[in-house]
Amino acid sequence: MNQANKIGELTLSVKLARFLIKVYQYLISPFLGKNCRFYPTCSQYTLGCIEVHGLIKGTLLGILRIAKCAPWHPGGYDPVPEEFLLFRRNKSSKTSFREGE
C-alpha cells in the first residue's frame with residue numbers, strides 16, 4: 001500500500017494529531033532552534049509512529065522518545081520501530097550482568 005492510500009484511510013483523530021504536529025513544526029519549532037539530538041526529530045518521529053502504530057501507541061512511543069531527550073543521552077539515529085515495543089533493548093546488550101549466565 002502506498003503512502004497516499006494509507007493517509008486516505010486515517011481516522012479523524014489521527015488526522016487531528018497530524019495537523020497539531022504540523023502546526024508545531026511550522027509555527028513553534030522554528031523559534032526553538034535546531035536543538036534536536038535525534039534523527040528524525042521528535043515531532044517527525046511521533047508523526048511516523050502515529051501513522052504506523054495508530055494514535056495511542058504512536059503517541060506513547062513519541063512521549064517515550066521525548067523523555068529520552070536529556071543531556072545524558074547521546075541521541076543519534078532512532079527510526080520509527082516496525083513493531084510496537086515499549087522498551088527496546090540494544091541489540092548489543094547482554095541478557096545478564098554476570099558472565100556465563
Student: Return a table of donor-acceptor pairs under 3.5 angstrom between the side chains of residues 52-66 and protein atoms on other chains or two or more places apart.
Tutor:
from	atom 1	to	atom 2	distance (Å)
H53	NE2	P81	O	2.7
T59	OG1	L55	O	2.6
R65	NE	D78	OD2	2.9
R65	NH1	P40	O	3.2
R65	NH2	P40	O	2.9
R65	NH2	D78	O	3.4

Student: Quick one: name the residues clustered hydrophobically with Y77, using the 4.5 Å side-chain heavy-atom rule over I, L, V, M, F, W, Y, and just say none if it's on its own.
Tutor: Y39

Student: Would you give me the side-chain donor-acceptor pairs under 3.5 Å for residues 19-26, sequence neighbours excluded?
Tutor:
from	atom 1	to	atom 2	distance (Å)
Q25	NE2	S43	OG	3.1
Q25	NE2	Q44	OE1	3.1

